[in-house]
Undergrad: 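I'd like to ask some things about the structure below.
Convention: sequence-line order gives letters A, B, ...; per-chain numbering from 1.
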Number of protein chains: 2
Amino acid sequence: MPDRFERIFAGENGLAAGSGPLYIRLRNRVERAISDGLLGDGDALPSERDIAELADVSRVTVRKAVQDLVRDGVLVQRHGSGTFVSKPVARVEQPLSRLTSFTEDMSRRGWNARSQWLQRGIFAPSPEEMVALGLAPGDEVVRIDRLRIADEMPLAIERASISTQMLPDPQKVDTSLYAALDVYGFRPVRALQRISATNLRAEDAGLLGLEAGDAGLRIERISYLESGRVVEFTRSLYRGDAYDFVAELTIGKN
Amino acid sequence: MPDRFERIFAGENGLAAGSGPLYIRLRNRVERAISDGLLGDGDALPSERDIAELADVSRVTVRKAVQDLVRDGVLVQRHGSGTFVSKPVARVEQPLSRLTSFTEDMSRRGWNARSQWLQRGIFAPSPEEMVALGLAPGDEVVRIDRLRIADEMPLAIERASISTQMLPDPQKVDTSLYAALDVYGFRPVRALQRISATNLRAEDAGLLGLEAGDAGLRIERISYLESGRVVEFTRSLYRGDAYDFVAELTIGKN
DNA sequence: AAGTGGTCTAGACCACCAA
DNA sequence: TGGTGGTCTAGACCACTTG
């Protein structure tokens, strides 16, 4: 039975046709098979060994092609199980104009949000923190690092730094950082965010349930009091495949 | 002369110490050497063959470790030249509250901005375009795809779709899409943007001078007229390593 | 227990770059 | 021209999942 996999991997004299590296030709064949509908969401591919035989290349070459597609989010591999076409992931949308906390935000959506502590304590500030928070030598910072989880899917890593002058005791923070700051009368009213994209490092990717090199949104936020004084400096990493920031723009005079 | 490379790659019984995959142990050694200052920005590493000999592993294993770090932006490789520690890239900042065009924006910064046409013409709309632009069957769209370049560095790929009812002739667009829309009285005043992160596909990465799998910012924008009617639907991909979006947030009642 | 992906090796040839 | 990274092979063993 000449099945679809033979057409995909062995069709037209194998990969002899065409030029360029074998793993790229192989990669293109798989992408074409998906866009042509020969392979659908969740479908299993043959094993790497079988693909190698069908396409008449080494398994190393098959792996190179497959890993590229895994890295691009086209395929997923499960150890001991097989290689499959990715299913799209449901995305969370986050409006970009209002200052909200993760907890508030997720519960408003009806998601079950929780956090996992990564670190919570008092430290000597890094140079980066000194600049961002405007600290003097000898000052100390509270660091609150959390893994944010919504409906059992890790969504983000959040690393917050606050001067001990604003938040003397990190143990006072249970679920909401802003609520704890409120207690001391230091709730921020304004913030500046910088958003960029980055390839996740192995450690961070692991926390988010992704692979090293997967795309993440990196967000740096500096929050201000009404008086203009800096309260909080937070660096976050969001899953690129599950998070959308939404912003409304208007045409400005300036 | 027992140089620093021996300490990095061959120190303490090679990689025999420790557990886990060899390429991860090797990767960690390089990362540690950089964070310890043993390797600085722009420094050259030994050749892959030399590292393999120093660490007593195969070259394939060295490549796996090095490629991981290249993918994370820690190292850069130049074919025929060598492997080097990355130098940080200058970043461009884009405010996220004002609706501006790329050309206007870059010239205000004193950058020399130009575009390269990727595609410009009239097409039958894709299902995605029909939904976004609110088209009826039989309607047509103008597609304007450009590679945005600032000071000879490719910064973004921009794919804009506009109903032919708003912009009958794509050839009317020379540098600024908004200027062309203005001529017909259809300049947008408001827009909604969705921002997320993605691993760039090989083709897009090539246009941006990056490697497949590198992180990019994906932005979808829908622009509206004063009347609320949709004008433009644009999907952009920005270099993750060279672009920052900046947003100001305020605490809201709602 | 059989099959899958994950890691690793030794060796080869090619394409590119710099001296 | 010699050294570099880029691609490719055939074969091996391990770790994990599933029937």
Undergrad: Report yes or no: is there a donor-acceptor pair, N or O only, under 3.5 Å between the side chain of A:Arg49 and the base of C:dG3?
TA: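 Donor-acceptor pair under 3.5 Å: no.
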
Undergrad: Please confirm whether the shortest side-chain N or O distance from B:Tyr23 to OP1 or OP2 of C:dC8 is below 4.0 Å.
TA: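 It does not, given that no N or O in the side chain of B:Tyr23 lies less than 4.0 Å from OP1 or OP2 of C:dC8.
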
Undergrad: Give a yes or no answer on whether the side chain of B:Arg71 reaches the backbone of A:Ala212 with a donor-acceptor pair at less than 3.5 Å.
TA: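 Yes, B:Arg71 side chain to A:Ala212 backbone: donor-acceptor pair under 3.5 Å.
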
Undergrad: Output the single nucleotide from C:dG5, D:dG6, C:dT7 whose closest atom is nearest the side chain of A:Thr83.
TA: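 My answer, after comparing the listed nucleotides, is C:dG5.
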
Undergrad: Which ones in residues 64-81 of chain B lie close to DNA chain D, meaning a heavy atom under 4.0 Å from one of its atoms?
TA: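 Hits under 4.0 Å, by residue number: B:Gln77, B:Arg78, B:His79, B:Gly80, B:Ser81.
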
Undergrad: Using whole Å, what does the distance between atom C1' of nucleotide D:dG6 and atom CZ of A:Arg27 come to?
TA: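 So the CZ-C1' distance, A:Arg27 to D:dG6, works out to 14 Å.
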
Undergrad: Just say parallel, tilted or perpendicular for the rings of B:Tyr243 and B:Tyr238, cut-offs at 30° and 60°.
TA: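 Rings of B:Tyr243 and B:Tyr238: tilted, 30 to 60°.
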
Undergrad: Answer yes or no for B:Arg78 and B:Phe84: cation-pi contact, defined as NZ/CZ to six-membered ring centre under 6.0 Å and angle to ring axis within 45°.
TA: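 Yes - B:Arg78 lies over the ring of B:Phe84, closer than 6.0 Å to its centre and within 45° of its axis.
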
Undergrad: Using salt bridge (charged side-chain N to carboxylate O under 4.0 Å, His left out) as the criterion, list what pairs up with B:Asp56, not counting sequence neighbours.
TA: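 None.
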
Undergrad: Before accepting this row, confirm whether a basic side-chain N of the pair A:Asp204/A:Arg159 lies closer than 4.0 Å to the acidic partner's carboxylate O.
TA: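 Salt bridge flag = yes for A:Arg159 with A:Asp204.
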
Undergrad: If I take atom CD1 in residue B:Ile24 and atom C1' in nucleotide D:dA15, what distance separates them, rounded to the nearest angstrom?
TA: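 Rounding to the nearest Å, CD1 of B:Ile24 and C1' of D:dA15 are 14 Å apart.
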
Undergrad: Listing time: all N or O pairs from protein to nucleotides 9-11 of chain D that are below 3.5 Å?
TA:
| unit_1 | atom_1 | unit_2 | atom_2 | d |
| --- | --- | --- | --- | --- |
| D:dT9 | OP2 | A:Ser58 | N | 2.9 |
| D:dT9 | OP2 | A:Ser58 | OG | 2.8 |
| D:dT9 | OP2 | A:Thr61 | OG1 | 2.3 |

Undergrad: Between B:Glu220 and B:Arg235 (salt bridge meaning N to carboxylate O under 4.0 Å), is one present in this structure?
TA: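 A salt bridge is absent here (no side-chain N lies under 4.0 Å from a carboxylate O).
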
Undergrad: Below 4.0 angstrom, N of the basic side chain to O of the carboxylate: do A:Arg27 and A:Asp68 qualify?
TA: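 Yes, charged N to carboxylate O under 4.0 Å.
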
Undergrad: Using atom CD of A:Glu48 as one end and atom P of D:dT17 as the other, report the distance to the nearest whole Å.
TA: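 Taking atom P of D:dT17 as the reference, CD of A:Glu48 is at 16 Å.
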
Undergrad: Is B:Arg143 salt-bridged to B:Glu129, cutoff N-O under 4.0 Å?
TA: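 B:Glu129 and B:Arg143: salt-bridged.
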
